[in-house]
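One structure below.
Every chain is numbered from 1 and lettered A, B, ... according to where its sequence line falls, protein lines coming before strand lines.
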2 protein chains.
Amino acid sequence: MALEVQVLKLFKMKSGISKSLNNSVAKAFHLLDYFNVAKPEWGVRELAKETGANKSTTYRMLATLESLGVLRKDEISEKYSLGLKLFELGNRVSIQSAFVSQTHPVLKQVAEEITETVHLGILKDNEVFMVDKIESPKGLQLNSVIGTSSPAYCSGLGKILLAHLKQGDLKQALESIDLKTNTEFTITKKTILKKELEQIKIQGYAIDRQELELGLICVAVPVYNQKNQVIAALSAAGPSIRFQEEKVESYVATLKKGARTIQQKIGNFKI
Amino acid sequence: MALEVQVLKLFKMKSGISKSLNNSVAKAFHLLDYFNVAKPEWGVRELAKETGANKSTTYRMLATLESLGVLRKDEISEKYSLGLKLFELGNRVSIQSAFVSQTHPVLKQVAEEITETVHLGILKDNEVFMVDKIESPKGLQLNSVIGTSSPAYCSGLGKILLAHLKQGDLKQALESIDLKTNTEFTITKKTILKKELEQIKIQGYAIDRQELELGLICVAVPVYNQKNQVIAALSAAGPSIRFQEEKVESYVATLKKGARTIQQKIGNFKI
DNA sequence: AAACACTGTTTCATATATTGAAACAATTAA
DNA sequence: TTAATTGTTTCAATATATGAAACAGTGTTT
């Protein structure tokens, strides 16, 4: 029995995978992971060296993937890169459902710990698009609806997402935003909003204190992918009556833990 | 030797594949092809029945792909669908990362100006491969799907791309094409198609007048890179009821403006 | 011109992984 | 209860993947 095989079996045992998984398929996708932005092209021998696999094996795997259109081979350099088949398959993925299926259990966990309503949102056309929601177990329900958008400047989710935009994108977003007054606490001046966003980016979380709706407070943190790009935001929201200033720290900690769990699950996913 | 294996070997021989390809990997990607827009979710037994494979084999393949994140399993229905891993890999393909991410905003701009559905396509194996699409804001949706291929001889995109092939490549392409009748307007004679392609190359744009589908008209222009190689085509498509002959000029102008913007953005990129 | 260093590719005995019928487990419907 | 679904596991039979070595190119250096 080759060493590699022993290691694989050991890995399977340790990770609790008792199922008999298809080795070749796992190897194929493991190989595809080496084709990234940093190094999108590989030759047979260099890839074999990098992965530690035999060059015959690597050659046949690459040839197989090429014949399927999963990889393509540059005719001149004879190097391989990711092919149109993956583009095709990638376009078929329903990201909404694929993403939520990963994040939903995390939201549930966070909601149980915080015992308030938890939201997951992304920025879409400079508004907050609600991707998923777990209702507070305490009963008091919010009127937020999955699949709808709402203004970004007056919610915790929105502010943390705006705060992490690239400078140019933020400038563009601020220009297109109309700061309507929702409550006496709503931020209605762009200079003030700008300063608050800077502060939010530094402190790593955002609080909405009744800026959208009287009596509603929410705390939000960013969700990163494994490239450390902010791709979503996670928040806990509840009635201001229940809200205690000294709890903010613990809310943020729980939310950040959830955000990290999501980060581990989703890889390099980007909306 | 099982029958299935004999058939596979026969297939390999007939298609001129002498190389020893990895069976399991080929089967895995063959399986993934069953997850399409028409049927995005599959259970173990129904997929086994559809593919003609054994249900144990199918089960293990699906479980393997799920453990890799290539598929995801709905917890309630226990059915499988395409997962985030494929989305991630699809986004790493150079056509996505180096091309579509650049061209998408241009398509959006063109679609807003023309207020019809806009497509971006390339030539792949003598067919039109749909790279990107912006739906018409007018609502009437076309059944085109990103990541799929369709015949080149009966679409605006295809005709403009064929027209700009090198003579030798065009000759080869025309030989391999089968001019099937889709509508009463479809070009079915190669001599006529040849003449039309010459005309199209001279005038700089192509029109498909209900050649693929009754009631569907589209106008297409070539997209050049900075080496002045035609690398893609840009089109506007809509119902023939809305189509006015005198608008062609303005459509072509807007499309060409978009094509030039893309040219500036992408440098010497080649598909 | 010969030797070298670097590619990708093929061979073949052998070790390994995949296969499928059957049995099992767990739900749901009649 | 019976019947008809579903997903899952088992194990011997068998097809398949493996890797060292040889081969076949290409371009570079001696």
Side-chain angles (χ1 to χ4, degrees), chain A residues 1-13 16-31 34 39 41-68 71-81, chain B residues 1-13 16-31 34 39 41-68 71-81:
Chain A
M1 192 189 281
L3 178 66
E4 201 186 317
V5 177
Q6 284 182 34
V7 172
L8 187 66
K9 292 219 166 160
L10 207 63
F11 168 76
K12 280 186 183 176
M13 284 163 64
I17 306 173
S18 62
K19 288 173 191 171
S20 142
L21 297 181
N22 188 307
N23 225 326
S24 301
V25 174
K27 279 176 195 164
F29 278 96
H30 181 239
L31 214 62
Y34 283 85
K39 181 133 182 58
E41 283 197 337
W42 289 93
V44 173
R45 277 175 138 96
E46 60 174 341
L47 185 53
K49 201 176 170 186
E50 180 74 21
T51 58
N54 182 280
K55 71 183 156 66
S56 299
T57 308
T58 305
Y59 164 72
R60 279 183 295 244
M61 188 60 89
L62 290 174
T64 301
L65 291 168
E66 192 212 348
S67 81
L68 296 166
L71 291 177
R72 68 200 189 90
K73 190 175 169 185
D74 188 283
E75 288 192 359
I76 298 157
S77 69
E78 292 211 307
K79 295 201 172 195
Y80 294 86
S81 56
Chain B
M1 192 190 279
L3 178 64
E4 203 186 317
V5 176
Q6 285 183 29
V7 172
L8 187 64
K9 294 222 165 157
L10 206 64
F11 167 75
K12 282 186 183 176
M13 285 164 65
I17 307 173
S18 62
K19 290 171 188 169
S20 140
L21 297 180
N22 188 307
N23 226 326
S24 299
V25 174
K27 278 177 195 162
F29 279 96
H30 182 237
L31 214 62
Y34 283 85
K39 181 135 181 57
E41 284 196 335
W42 288 93
V44 172
R45 276 174 137 97
E46 60 174 340
L47 185 53
K49 201 175 170 187
E50 181 73 21
T51 58
N54 183 279
K55 70 184 157 64
S56 299
T57 307
T58 305
Y59 164 72
R60 279 183 297 240
M61 187 61 87
L62 290 173
T64 301
L65 291 168
E66 192 211 350
S67 80
L68 296 165
L71 291 177
R72 68 190 192 84
K73 190 175 167 185
D74 189 283
E75 288 193 359
I76 299 155
S77 69
E78 291 211 307
K79 295 201 171 192
Y80 294 85
S81 55

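Rounded to an integer number of Å, the gap from L62(A) CG to dA17(D) P is 15 Å. As a whole-Å value, the separation of K27(B) NZ from dA17(D) C1' is 13 Å. One can place CG of N22(A) at 17 Å from P of dA15(D), the figure rounded to the nearest angstrom. The nearest whole Å value for the distance from the CG atom in L47(B) to the P atom in dT5(D) is 18 Å. At whole-Å resolution of the value, CH2 in W42(B) and P in dG7(D) are 12 Å apart. Atom P of nucleotide dT7(C) and atom CD of E41(A) are separated by 15 Å, given to the nearest angstrom. Rounded to an integer number of Å, the gap from CG of L21(A) to P of dT18(C) is 9 Å. Atom CG in L71(A) sits about 14 Å away from atom P in dG8(C), given to the nearest Å.
In the helix from dA1(C)-dT30(D) to dA30(C)-dT1(D), the terminal helix axes, each the rotation mapping four pairs' C1' atoms onto the next four within five end pairs, subtend 20°, rounded to 10°.
At distances below 3.5 Å, at least one donor-acceptor pair connects side-chain atoms of K39(B) with backbone N or O atoms of E41(B). Judged purely by atom type and a 3.5 angstrom limit, W42(A) uses its side chain to pair as donor or acceptor with the backbone of Y34(A).
In this structure, the side chains of S81(B) and L71(B) stay at 4.5 Å or more apart for every pair of heavy atoms.
Distances were taken from every side-chain heavy atom of N23(A) (C-beta onward) to each of dG8(C), dT18(D), dT18(C); the shortest belongs to dT18(C). Considering only side-chain atoms of V44(B), the nucleotide from dG7(D), dT16(D), dT18(C) that sits closest is dG7(D).
With sequence neighbours left out, A26(B) forms a side-chain contact (heavy atoms from CB on, under 4.5 Å) with L68(A). With sequence neighbours excluded, the residues that form a side-chain contact (heavy atoms from CB on, under 4.5 Å) with K55(B) are R45(B), A48(B). Looking at residues two or more places apart in sequence or on another chain, you find a side-chain hydrogen bond (donor to acceptor under 3.5 Å, both in side chains) between E46(A) and K79(A). In this structure, the side-chain contact (heavy atoms from CB on, under 4.5 Å) partners of T57(B), at least two apart in sequence or on a different chain, are N54(B), R60(B).
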Point to revise | Contact pattern, 5' to 3', of nucleotides 20-28 of chain D - B, S or - by protein heavy atom under 4.0 Å | key: BBB------

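Taken to the nearest 0.5 Å, the OG1 atom of T64(A) stands 10.0 Å off from the CD atom of E66(A).
Here K73(B) reaches the OP1 or OP2 of dT8(D): one of its side-chain N or O atoms lies under 4.0 Å away. Contact check, Y59(A) against dG8(C): no side-chain N or O comes under 4.0 Å of OP1 or OP2. The shortest distance between the side-chain N/O atoms of T57(B) and the OP1/OP2 oxygens of dG20(C) is below 4.0 Å.
Across all their heavy atoms, A28(B) and V25(A) have their closest contact at CB-CG2, 3.7 Å.
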